[in-house]
Amino acid sequence: ERIYFLGVYRTNKSYDSLALQINMFFRFVNITMIFIQIVWFYIATIRLLEKYKSIINDVFSNVRNLKLQWVQMINFSFLIAAFACVTFYVINPVHFFGSSKVLEYPFYFLACIISFLGAIGVSQNEVPPELLLIVDSPDIPSFTDEMGNSDIELLTRIEEYFTQDKPFLNPELTIIQLSIALGTNRSYVSKCINSIRGQNFAQYVNTFRIAFAKELLTEDTKLSVSDIAFASGFGSIDAFNRSFKLLENSTPKEYRESKI
């Protein structure tokens, strides 16, 4: 009887029972709401990821170990699996296969994805405490810090500090460390760099690292490109090559050859 209902009767348009008609109406509403929830969850997750990407690039100078591509991949896989599960039920597979057991298979697939997501989540590094402090911090509407410095004055202090003390050589430099060294607020430093230079913190720090690397490439030809990458404060050779290509429109090797 269950197979008959799932495979034949529920798809018959001539419902002779008011209770069954009401049941089918709410079933349609239920399926529609499930689809809406799936899409909403996917979009909300994408927006949250974009928010975290922006925060990460505005707080850390080395984002090599803070990539979120794996979350995007899992989120997309979850979307596909969820749609498959609901669609598989809607198209009435029992009618084609003659068994209600087939309804369970997509949910096994979804369970595997959720388990995989949990395994990846557990294996991740601990969330940096700086990120937890910043996520819900309020926006700062002005560019005058608590010491009375305007945005231009604050930027001048930042660049003097970078030129004299070279904090950018520390691959793990964060905007929190910079703001403490300057005796000001992280939000003011971030707003200052964003508004005047049009860069996030990671991009801004990398401009100093690339400038330092350019000097080493031309002055010390004994150092290899990889040695220069790490000596300039980059956390990886790939990050160095990518940033150098972006700013100089050439690879470090090509730049060195053009200057020798």
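- The shortest non-hydrogen separation linking Ile38 to Leu79 is CG2-CD1, 3.5 Å.
- Checking each of Ile180, Leu173, Ile175 against Gln177 for a side chain to side chain contact (heavy atoms under 4.5 Å, CB included) leaves exactly one that passes, namely Leu173.
- For the atom pair CG (Asp58) and CG (Asn200), the distance works out to 5.5 Å, reported to the nearest 0.5 Å.
- Environment of NZ in Lys245: crowded, with over 12 heavy atoms of neighbouring residues, nucleotides or ligands closer than 6.0 Å.
- No close placement of the Phe230 and Phe234 rings is indicated, their centers lying 6.0 Å or farther apart.
- Not one N or O on the side chain of Glu219 forms a donor-acceptor pair closer than 3.5 Å with the backbone of Leu216.
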Before you tell me yes or no, could you show the steps for Gln37 and Tyr42 under side-chain hydrogen bond (donor to acceptor under 3.5 Å, both in side chains), namely the whole-Å CA-CA distance, both residues' side-chain angles and the distance that decides it to 0.1 Å?
CA-CA 9 Å; Gln37 289 176 24; Tyr42 179 76; over 6 Å; no
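- Contact check for Ser243 versus Ile210: side-chain heavy atoms found under the 4.5 Å cut-off.
- Counting only heavy atoms from C-beta outward, the side chains of Val39 and Phe83 approach each other to under 4.5 Å.
- The CD atom of Glu215 sits 10.0 Å away from atom CG of Leu217, with the distance rounded to the nearest 0.5 Å.
- Using a 4.5 Å heavy-atom cutoff, the side chains of Arg242 and Leu246 are not in contact.
- In this structure, the side chains of Phe212 and Ile228 stay at 4.5 Å or more apart for every pair of heavy atoms.
- Put simply, CZ on Phe162 and OG1 on Thr207 are 8.0 Å apart, with the number rounded to the nearest 0.5 Å.
- Ring pair Tyr255/Phe244 is perpendicular by interplanar angle, where above 60° counts as perpendicular and below 30° as parallel.
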Give the intermediate values and the outcome of salt bridge (charged side-chain N to carboxylate O under 4.0 Å, His left out) for residues Glu50 and Lys53.
CA-CA 5 Å; Glu50 291 301 320; Lys53 282 182 183 179; 3.6 Å; yes
